Every structure is written in C-alpha cells, then in structure tokens.
Protein chains: 2
Amino acid sequence: MPVADVNNYASIVMTQLKQDILSGFFKPGEKLLMSRLKERYQVGISPLREALSQLLVEQLVVVENQRGFKVHPISLEEMHDIYRSRAQIEQLCIGLAIERGDDEWEATILACAHKMQKYADCIQSQPQEWERRHQAFHTAIASGCQSPTLLQVRRSLYEKASRYRNLWLNKNMPDSSVFAVNQQQHQDLITALLQRDTQLAQQLIAEHLLSPSLLLGKNDSLK
Amino acid sequence: MPVADVNNYASIVMTQLKQDILSGFFKPGEKLLMSRLKERYQVGISPLREALSQLLVEQLVVVENQRGFKVHPISLEEMHDIYRSRAQIEQLCIGLAIERGDDEWEATILACAHKMQKYADCIQSQPQEWERRHQAFHTAIASGCQSPTLLQVRRSLYEKASRYRNLWLNKNMPDSSVFAVNQQQHQDLITALLQRDTQLAQQLIAEHLLSPSLLLGKNDSLK
DNA sequence: AATTGCAATAATGTCGACATTTTAATGTTT
DNA sequence: AAACATTAAAATGTCGACATTATTGCAATT
C-alpha cells in the first residue's frame, strides 16, 4: 500500500548521478572510479554501469575502452552550441504552442507565472525552489506544442544547459538588476503569447534564453 | 596488430540490437527475453542490460520494473509527431547550413548527389546501399549547420523514423513514379541550396520528408 | 464449465568473483 | 640525472550464481 512503485537501482542511481554531474559535484573531465561510485551510491557495479550507459547517450559522460567512464568535458563551443540549439527548439515549441494552445494552456501559464512571481523575494534564500518554479513556467508554455518528441529534446537540452549555468554562469545570479530585467521579459513573453504573436514571442524567448550565455564571449578566460 | 580498437560488447550489442529493432526483426511491443538475447548475440546479461539501457534513453525499448524490456510500441500519433519534428529539425539545420556553408559544403553535396544518382538504377537490386547514399546526401546538406547538438537530434529522429518506414511505409518503395518525383525533389533542393534560398529550401525539405508519412492518414487501417 | 488458489517453473535484477588490461612504482642502464 | 624496462598494484568488463518477483500450469471448488 505504500506502493511507491519505485524503479530499480539503476534508474535511481542514474537520477542521482545525473544530478551530481549537473550540479558540478563531479567536475567536467573527472574520472568516475567504480570504487568511488559504489561507495557513494551504495550499489554494486551492475546498476552503476547501466546508469552510466544511459548518461552516455545523454552525453553527460564519456567512455574509453578499458579505461572506464569520465564526466563529459565542457567547452565554450559546446556551451554556445547548446544554448543556440535550445533557443531554436524553444522557438519551435512556442510557435506550435501558439497554434495549438487552448484556454487550458493559457490558464496554466498564468498559474505558473503567479507561483513564480510570488517566489521572487525568496530567490536568495531558496534558489532551487525558485528555479523549479521558473522551469515549471517555461515548461507550461512549451507544453502547448503537444509534441512529445520536441518536448523530450527540449528537456535534454535544458539539462545540459543547466550544467553550464551551474558551472559558469551562476556567479552573478543574485544581481537584482539582471533579475528585474528577467521578470520583465517573462511579462512581455506572456503578453505576446496571449496575443498569439508568434514572431514576437519567438524573438523574446530567444533573447531570454541566450542572454546568460552571451556573458561569456569567445575570448573570456575560463577558470 | 589487427587492432580494430573495437569497443566493448555492450556497444556492439547495442548497435546490433538497434538494427534488429529498426529493421523490424523484433516487433513493436515484443518482449525481449534475456535468454533469447543471450543466445542471439552470444553475450552475457551484463552487456545486454547496458545495451538495453542505452536504447531505453533513445526510446527504442521500454522497461517495466521486474518485468524486463520490451520493444517500444508504435502508434500513428507517434509516427506523425516524429515525422513532423524531424522535418522541423531538418529545416533548422538547412537554414543554418545556408548561412554557414562554404564551398566545401556545396562540393560535398554535389559529390553525394552524384553518387546517389548513379545508383538510381540499382535501387531494386541493392536497396540498402541506395538508402546509404540517400542518407549520405541528406546528411551532407545538414552537416553544413555545424551544430553537433542539432545533428545529434537529427540522427536520433532519423533512426526512429526509419523504423516506421521499414514497418509501414516500405510496401510501395519500388513505385517508379514516386521515385521519379523523389529524384526531382532532390534536384530542386540542390538548386535552392546553391542559390541560398532559405525559405524555398525549407519548404522543399519539409515536403520531401513528410510525403511518405502522409500516405498513412489518421483513419487508415494498420497491419 | 468457469473461476479461484496453490505449486512449480521461469525470468528479472543484483552481487561477488575472475580474467584482462591499464596504471603506478621500482629498479636498471646509458 | 633522465629514459627505459620490468614488476606490482589497481581498475575495468564480463560471466555465473543467487535471491526476489512474476508467470504459468494444474487441481480443487462453486
């Protein structure tokens, strides 16, 4: 009756390991020792290798024959490619969502926006909860496209982008002026969506998503 | 000395198993018995589960707790979603390729087109080699976008679409009138690309990619 | 005859062990 | 002292075995 229908160890470990990579606990390029992973997640080798196999497809780890797994390395080129691609996918989702979205879609967007804005003050104290609401807001918008395929691609790119955000772009998070601009962008986006102004909404979302990555130009020093 | 730097069993099995699913050897929804897979690929359980874990992420298999793996089911809705999404991704790639493609890009397209057209007569006798050249032609075009991220998404969608092509849309393959139209579409596409006519090229590629799926309408009987 | 309960058969998911390969550590030679 | 060869240690990838869970087959009952 508690049920929980929890999955096997492999899927649990895969979720935890993904979080540890995205959060930066395991650094880019770092070797992932089986002995260490075994100890950290308290499982045997089999579910570990299954979890790593999944993250291999998602390009969060890399493998070399007989030399084990490493965290996928990062690069400025990859970051820009991911951010640009994500912006384009999001434009696609929004374009379709404006075509296909109904009243329920609009209502959910407004509901998520409300929950996000009510949390604006707590961004310092509970940043991860704010991030969840922020993500829920954007997901509500994109979900209107009603395309599982596009939404899956979108999720994958969000995850990869979040790693770069955690690693590189997080330093100026609590900048209140940047934050105010961000909130205004959300408002403008909602207005464009409700007016079904596809072109404007696509332009706004691209600016919104790309602005963090533009802080790191081609010739900035890293680390 | 023969070297071959071949990967581990898991990656070999994953490639073979993927082919068996895409080709339809393993039918949609079919249970994938470990005992059968062991016998077919001559490996133990560990590399098999790692291969299946990868195909799980690529959504070619599904898993149920304590009930093992099954081939991912198919549906008309999913087929249309995949085909539409693929067309949109391909439009993105082509739009960027027209922006970024150089002389080398143009030359490779023409080279691949030539090798494809020289094989037009052999489509009956060696259909899989023709399919390879056809794929190489389109990949050459898309590669001009120079975005690893988009190209990776594109490859994944190509694979999923090929399953539907093998399962449902292959019956009328050797229709010579359809084939002639196809060849003309390729020519028109090349012309549009060389003229850097983004809008026309995007329209042409969408028609080219979607035409097979349009043969199966919402209310056609399946199987 | 159909349904329920129970036993036996089979399949899954995980662990520990083993062979092979890589990495390090040490000693030897120029 | 630096470079090379050799040995020791550690890590990887795979297999077989085991406990747990699901499925099948059969008998008993209504």
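Chain A is the first sequence line, chain B the second, and so forth, proteins listed ahead of strands; every chain is numbered from 1. Since the structure is predicted, the reported quantities are computational estimates derived from the model, not experimental observations.
- For A:Tyr41, there are no ring pair (Phe, Tyr, Trp, His ring centres under 6.0 Å) partners two or more places apart in sequence or in a different chain.
- Between A:Ile205 and A:Ile141, every side-chain heavy-atom pair lies at or beyond the 4.5 Å cut-off.
- Residue A:Ile45 contributes atom CD1, which lies 11 Å from atom C1' of C:dT14 at whole-angstrom precision.
- Taking the ring pair (Phe, Tyr, Trp, His ring centres under 6.0 Å) definition, one finds that B:Tyr9 meets it with nothing, sequence neighbours left out.
- Every residue was checked against the side-chain hydrogen bond (donor to acceptor under 3.5 Å, both in side chains) condition with A:Gln88, not counting sequence neighbours, and none meets it.
- Shown for residues 49-64 of chain B: residues whose heavy atoms fall under 4.0 angstrom of DNA chain C, namely B:Arg49, B:Glu64.
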Can you give the donor-acceptor pairs under 3.5 Å from side chains of residues 30-38 of chain B to other protein atoms, not counting sequence neighbours?
unit_1, atom_1, unit_2, atom_2, d
B:Glu30, OE1, B:Lys27, N, 2.7
B:Glu30, OE2, B:Arg36, NH1, 2.9
B:Lys31, NZ, B:Arg67, O, 3.1

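- For the segment residues 31-44 of chain B, the set of residues with a heavy atom within less than 4.0 Å of an atom of DNA chain D comprises B:Val43, B:Gly44, in numerical order.
- Note: CG (A:Leu48) to C1' (D:dA11) measures 14 Å, nearest angstrom.
- When the side-chain hydrogen bond (donor to acceptor under 3.5 Å, both in side chains) test is applied to B:Arg132, no partner is found at least two apart in sequence or on another chain.
- Sorted by first and then second residue, the pairs that involve residues 95-113 of chain A and meet salt bridge (charged side-chain N to carboxylate O under 4.0 Å, His left out), not counting sequence neighbours, are A:Glu106-A:Arg196.
- The separation between B:Asn8 atom CG and D:dC15 atom C1' is 15 Å, rounded to whole Å.
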Expected rows: protein N/O vs nucleotides 20-22 of chain C N/O, under 3.5 Å:
none

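- With sequence neighbours excluded, no residue satisfies side-chain hydrogen bond (donor to acceptor under 3.5 Å, both in side chains) with B:Gln19.
- The salt bridge (charged side-chain N to carboxylate O under 4.0 Å, His left out) pairs that include a residue from residues 147-163 of chain B are B:Lys18-B:Glu159, B:Glu90-B:Arg154, where partners are two or more places apart or lie in different chains.
- Every residue was checked against the side-chain hydrogen bond (donor to acceptor under 3.5 Å, both in side chains) condition with A:Gln91, not counting sequence neighbours, and none meets it.
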